[in-house]
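Working notes, structure below.
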Amino acid sequence: MGPRVYRWYLAANGAVLALGVMLPASARVWAYLAVAASALVAIVVGVRRYRPVWSRPWWLTTAAIGMSLLANAGWAAAMAPSGVPHFPSFGDLCYVVTLSLLTASVYQWVRPGAASGGLIDAAIVTMGGAAVLWVLVVAPLMYDAPFTGLRLGAYLSYSAVDLIILALTIRVVVVTRVRSVAYRLVVAASTVFVLTDTLYYAVLLSHNVRLDRPTAVGWLAAYVLMGGAALHPSMARSVGSMPRPSLSSRSRLWTYTVLATTISALIVVAVAPDLSPDRLVRLVVLVGLSCAASVMLILRLAQLADLLNRRAHLDPLTGLGNRVALQNHLDRPERQDQVLLLIDLDGFRDFNEAFGHQDGDAVLIEIGHRLRAVAPSDAVVVRLGADDFAVLAASPGDDLADRILESTRLPVRIRGEIARTFHVSVGVVSLPGGGSHPAALRDADLALATARANGGNQSAMFDPGIHAERRANSELVAQFHDALAAGEFTVHYQPIVDLSTGRIVAAEALLRWTRPDGTRVPPDRFIPLAEQSGAIVAIGDWVLAQVCADLTGLWSTDGLSVTVNVSAHQLRDPAFADRVLTLLTDAGVPGRALIVEITETVLVTSVSDAAAVTAQLQRLRDHGVRIAIDDFGTGYSSLAYLRELPVDILKMDGSFTARQIDHGGPREIAFIRTIVELGRSLDLVTIAEAVETATQADRLRDLGCHLAQGYHYAKPAPIAELRDRLLRQSPLAPAVH
């Protein structure tokens, strides 16, 4: 049974109802009975086919329609010669049961105990509906209708039940979260039934006319809509719920209530002298209903305001507070000392990507429960977003941090099967009493960064020195652009010499930063920050342009090539190789005049871009530019990359020179010899960095190392000093070609 069946069902029964109005009475009764019976069958089939988790309302509706069929049969048997059934009859008894079953069905549509709420909304609509029923039905019945006794009581009872069904329908609309096709058809059926009843009694009492045909169509249409809802697949999941909201600002609500009641009472007092007793009663009832509706509306508005306020301070996933709630507590002056702990799940992003957001959400909910369990009862526990949580408490920070670490180390069971252990990093900051703490989150985040940098699965206290360093770093990063524009950066050159002759054969370009006041910023201070911030791209491009300009004289006069360090950020730029070749062309020097240095760190961090990096380097190499691996021997993937990448030169890290040559034993010397032999076997030139003494230079020469650079030969200096050194050496100096 496909989802389109309900459409065919609705269309077929709609056609029968439309044609039934034009049939004679004898045929019309059977057509209407067939429609009601089809609705009963449709509900039974739908329940059997889709097996809803909560089927009680469907069976109650089935019973109501069945009793309606009996009611119609009873009325047909009790039909008087005038065409109006005798009252009371078996049909009337069945109709009372029908209304009772329909009321129970609408009530059961929201599973009892599974959800609450919507009562104020239902009360507001009930007051309005009561006012309409009072004017159209109840007052005419009590004062103008010819009915008395049992018939009058029955009609009043029917109207009251209609009002109850209307209220329960509004509650369904407010409470259920599922807005399915079946849900909409059920709500429409209930509404059509109440409107048809109201129309029937209003016309009967005001004009003494029985609208049997249109009202019969209305009642049957309600049953058909119910049958169509049962035949739609969404009927199995059409039970919804919502959390119970709470009221706020009680004194203000009582003020509004008294004000609305007083105004309504004054209206009654003002017009009462000119009214007859029965009209005065009608007016008092209407004003009372209006007053009650006003009060309910005020209560609902206050309830919505409170609910919105709560939602603004709650995390919808875990039920904990959110960042706004935490910040409100931090902005509030506290007399006692407090501690703020920022918690981050180590490796949660990888878990989320591997297992999906549903399992990830389950983990976050469980971690939230554990934090709430270990935190003091008066602590503020919030989820800041993603996998970040925070706890604000008066407990000692170290003790609470340890409890949090222990609680999160327990395995988390997901979907009852997957057990996964998560670790957390915790940043702790102490907050002295006596004032607010607007920077608390920033300080806790710095402490958390320290815990993560130390390997995670631990806590770290906030260190003011770290904040001072971070702030200084931020200020330094902000100065990069202005320093570049103001010409504060310069390029110094350190000679590279042939170990066998001691002659300068190349030079390394090294960046220097001198402020206008003469203060020098060390390269190991600003270059890592430039790498982290991405400013190294602009700075690196400037260095390349400056080196190519300087090469015009160095290469043409002395045949000297220059090495330049290139960052991973620069290599990831698809236009990098073309930009370098353009600079060389503009400077009028061949590609062989330039050596591009990349570190092993660049190789490892660019593994995802290995193909693109290789293509860039190969394009440069095709035009004569040589490639050097700097700091060789400090990484873990060098051999693999030597096989994959186009490389010409190995630059041995300076730590080998200082530590292993001067203080190492046979094993350390053997390690250096291995690097040199590796370079020779691959037909690569080997350069030793940080050569400080003649002893180091001699040992490196004996081991077969080709070239060296370091303070033993010269410190980095401006290009003028490099030219002076070149002039002082013999013109037969070999170059690194």
Side-chain angles (χ1 to χ4, degrees), residues 315-323 326 339-375 379 381-392 397-429 441-463 466 470 528 531-534 568 572 600-610 635-637 640:
D315 172 55
L317 177 64
T318 62
L320 302 174
N322 59 12
R323 183 181 293 271
L326 177 62
V339 63
L340 175 64
L341 300 95
L342 206 59
I343 301 108
D344 177 74
L345 269 69
D346 301 332
F348 177 76
R349 179 177 297 179
D350 295 336
F351 175 85
N352 218 21
E353 292 175 354
F355 293 94
H357 290 285
Q358 184 175 0
D359 288 347
D361 289 348
V363 170
L364 294 175
I365 293 171
E366 175 62 22
I367 295 298
H369 289 166
R370 295 186 184 185
L371 292 177
R372 182 70 273 178
V374 299
V381 183
V382 304
R383 176 180 174 232
L384 298 176
D387 58 334
D388 292 329
F389 295 83
V391 177
L392 179 65
D398 292 341
D399 179 51
L400 182 54
D402 290 341
R403 295 204 304 271
I404 289 174
L405 289 169
E406 288 300 322
S407 70
T408 54
R409 286 168 184 160
L410 298 175
V412 177
R413 188 164 295 279
I414 304 166
R415 290 179 291 175
E417 300 177 0
I418 304 174
R420 176 73 179 265
T421 301
F422 288 87
H423 299 300
V424 300
S425 299
V426 183
V428 186
V429 59
L441 274 173
R442 179 204 65 193
D443 296 344
D445 192 55
L446 290 174
L448 177 62
T450 301
R452 283 195 296 244
N454 292 336
N457 192 24
Q458 59 185 289
S459 63
M461 290 292 298
F462 169 68
D463 182 356
I466 295 177
R470 291 285 182 90
E531 289 273 6
Q532 295 171 14
S533 65
R572 292 192 185 104
E600 286 191 307
T601 303
V602 168
L603 294 177
V604 173
T605 56
S606 302
V607 65
S608 60
D609 309 307
Y636 301 94
S637 303

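Because the structure is predicted, anything quoted here is derived from the model rather than measured. Worth knowing before you read on, the calculation uses all heavy atoms, side chains too, and leaves out hydrogens, waters and symmetry mates.
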* For the pair R383 (side chain) and A386 (backbone), establish whether a donor and an acceptor sit closer than 3.5 Å, ignoring hydrogens and angles. => yes
* V426 and L400, any side-chain heavy atoms less than 4.5 Å apart -> no
* Asked: Are the side chains of V412 and R370 in touch, meaning some heavy atoms are under 4.5 Å apart?
  -> yes
* Structure fact -> Output for pair (D463 CG, D443 CG), nearest 0.5 Å, gives 10.5 Å
* Asked: Can you tell which of V428, D388, V391 makes a side-chain contact (heavy atoms from CB on, under 4.5 Å) with I343?
  -> V391
* **Residue R349 excluded, over 12 heavy atoms near CZ under 6.0 Å** => no
* Ring geometry between F351 and F422 (parallel below 30°, tilted from 30 to 60°, perpendicular above 60°) -> perpendicular
* To do: Would you indicate whether the side-chain heavy atoms of L441 and R323 approach each other to under 4.5 Å?
  => yes
* Is the shortest heavy-atom distance from the side chain of L342 to the side chain of D445 under 4.5 Å? -> yes
* Asked: Heavy atoms, side chains only, cut-off 4.5 Å: are F462 and L446 in contact?
  -> yes
* **Atom pair CG/CD of L371 and E366 - distance to nearest 0.5 Å** => 10.0 Å
* Which atom pair, heavy atoms only, marks the closest approach of L320 to G368? -> CD1-CA, 3.8 Å
* **Minimum heavy-atom distance S459-L405, with the two atoms named** => N-CD1, 4.0 Å
* Spacing of NE2 belonging to H369 relative to OG belonging to S407, to within rounding of 0.5 Å -> 13.0 Å
* To do: Kindly indicate whether the side chain of I367, heavy atoms from C-beta on, has any atom under 4.5 Å from the side chain of L345.
  => yes
* Considering only heavy atoms from C-beta outward, does the side chain of D315 approach that of V382 to under 4.5 Å? -> no
* From the options L364, V381, L384, select the one residue that forms a side-chain contact (heavy atoms from CB on, under 4.5 Å) with F389. => L364
* Between S425 and D346, a side-chain donor and acceptor under 3.5 Å -> yes
